[in-house]
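Notes to accompany the following structure.
Hydrogens, waters and symmetry mates play no part in the numbers below; they use all other heavy atoms, side chains included. Order of listing sets the numbers, starting from 1, for every ligand and every atom in it.
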Amino acid sequence: MRLDRMLSDAHAGTRSQVKKLVKEGRVCINGVTAKASSMQIDPYQDVITLDGERLNYEEHVYLMLNKPAGYISATKGNVPTVMDLIPQYKGMFPCGRLDKDTEGLLLMTNDGPLAHHLLSPHHHVEKEYYVEHKLPLTDEDIHSIETGITFQSVTYRPARYEKISDTSCHLTIREGKYHEIKMIFESLGDKVVYLKRLRMKNLRLDETLKPGQYRPLTDQEIEDLKEGMPR
Ligand code: URA
């Protein structure tokens, strides 16, 4: 595998950060300074060091799943879980939670630090949804969505609303509170009838994936997700 891929999997930095580390001569392969981040290495045989410290290679897997309705976002359960959709993968977990009846983008990975980065309430990672709701919204409703709502003692921070029709929209939130979008609509006396996640940070659902299908992320998608992560 390429040295820069191994370095970024070992959390030495993003692909562009690790390229810089190699240029600065801080990375060694079996005691010899690495010349280029494109060099091929064997992560299980070669000893890779950064500033003299050995890096441990952990093989990370990143899958984009188009979650179908009817599956819960958990690793175990008596009802079908999203793990049942990727039976050949072990040690993976869903990065975030979608309700059982919600469809769409779910990142499945074994990369704990990345999941932490994406889910931490401090990072305010954007999540964009396609929403169908029962009743048309008033201007006042839209204003409430855009300025934040307190409902049943829970505060939902401002969301970005983009109208599609009287009863459908794109909604972008930055938190991940329990049933967040359903509660926002319930607080307005409305009801979500269909919910699909389209985007998380800069990762967009590949619309060629049918519900239940998945594909590995591209290197670029992984790098984009890791953008802004501390080393
Ligand atoms: N908000 C919800 O209400 N449900 C989801 O699954 C995701 C966001």
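Taking every heavy atom of D99 and a limit of under 4.0 angstrom, the matching atoms of ligand 1 come to 2 (C), 3 (O), 4 (N), 5 (C), 6 (O). Per-residue contacts place Y129 under 4.0 angstrom from the following atoms of ligand 1 (heavy atoms of the residue considered): 7 (C), 8 (C).
Salt bridge status for D9 with R15: absent, with no side-chain N to carboxylate O gap under 4.0 Å. Using a cut-off of 4.0 Å between Lys/Arg side-chain N and Asp/Glu carboxylate O, D224 and K201 are scored as not salt-bridged. In this structure, R199 pairs ionically with E128, as a charged nitrogen and a carboxylate oxygen lie closer than 4.0 Å. Using a 4.0 Å cut-off between charged side-chain N and carboxylate O, K127 and E180 make no salt bridge.
Across V192, I181, L98, heavy-atom proximity to atom 1 (N) of ligand 1 is greatest for I181. Residue H179 holds the heavy atom nearest to atom 3 (O) of ligand 1 of all those in K67, E175, K127, H179.
A ring-centre distance under 6.0 Å is found for Y57 and Y44. Aromatic pair H117/H11: ring centres not closer than 6.0 Å.
Within the 4.0 Å heavy-atom criterion, the part of T102 lying near ligand 1 is the side chain and not the backbone. For L195, every heavy-atom contact with ligand 1 shorter than 4.0 Å involves the side chain, none the backbone.
Looking at R97 next to ligand 1, no N or O pair under 3.5 Å apart turns up.
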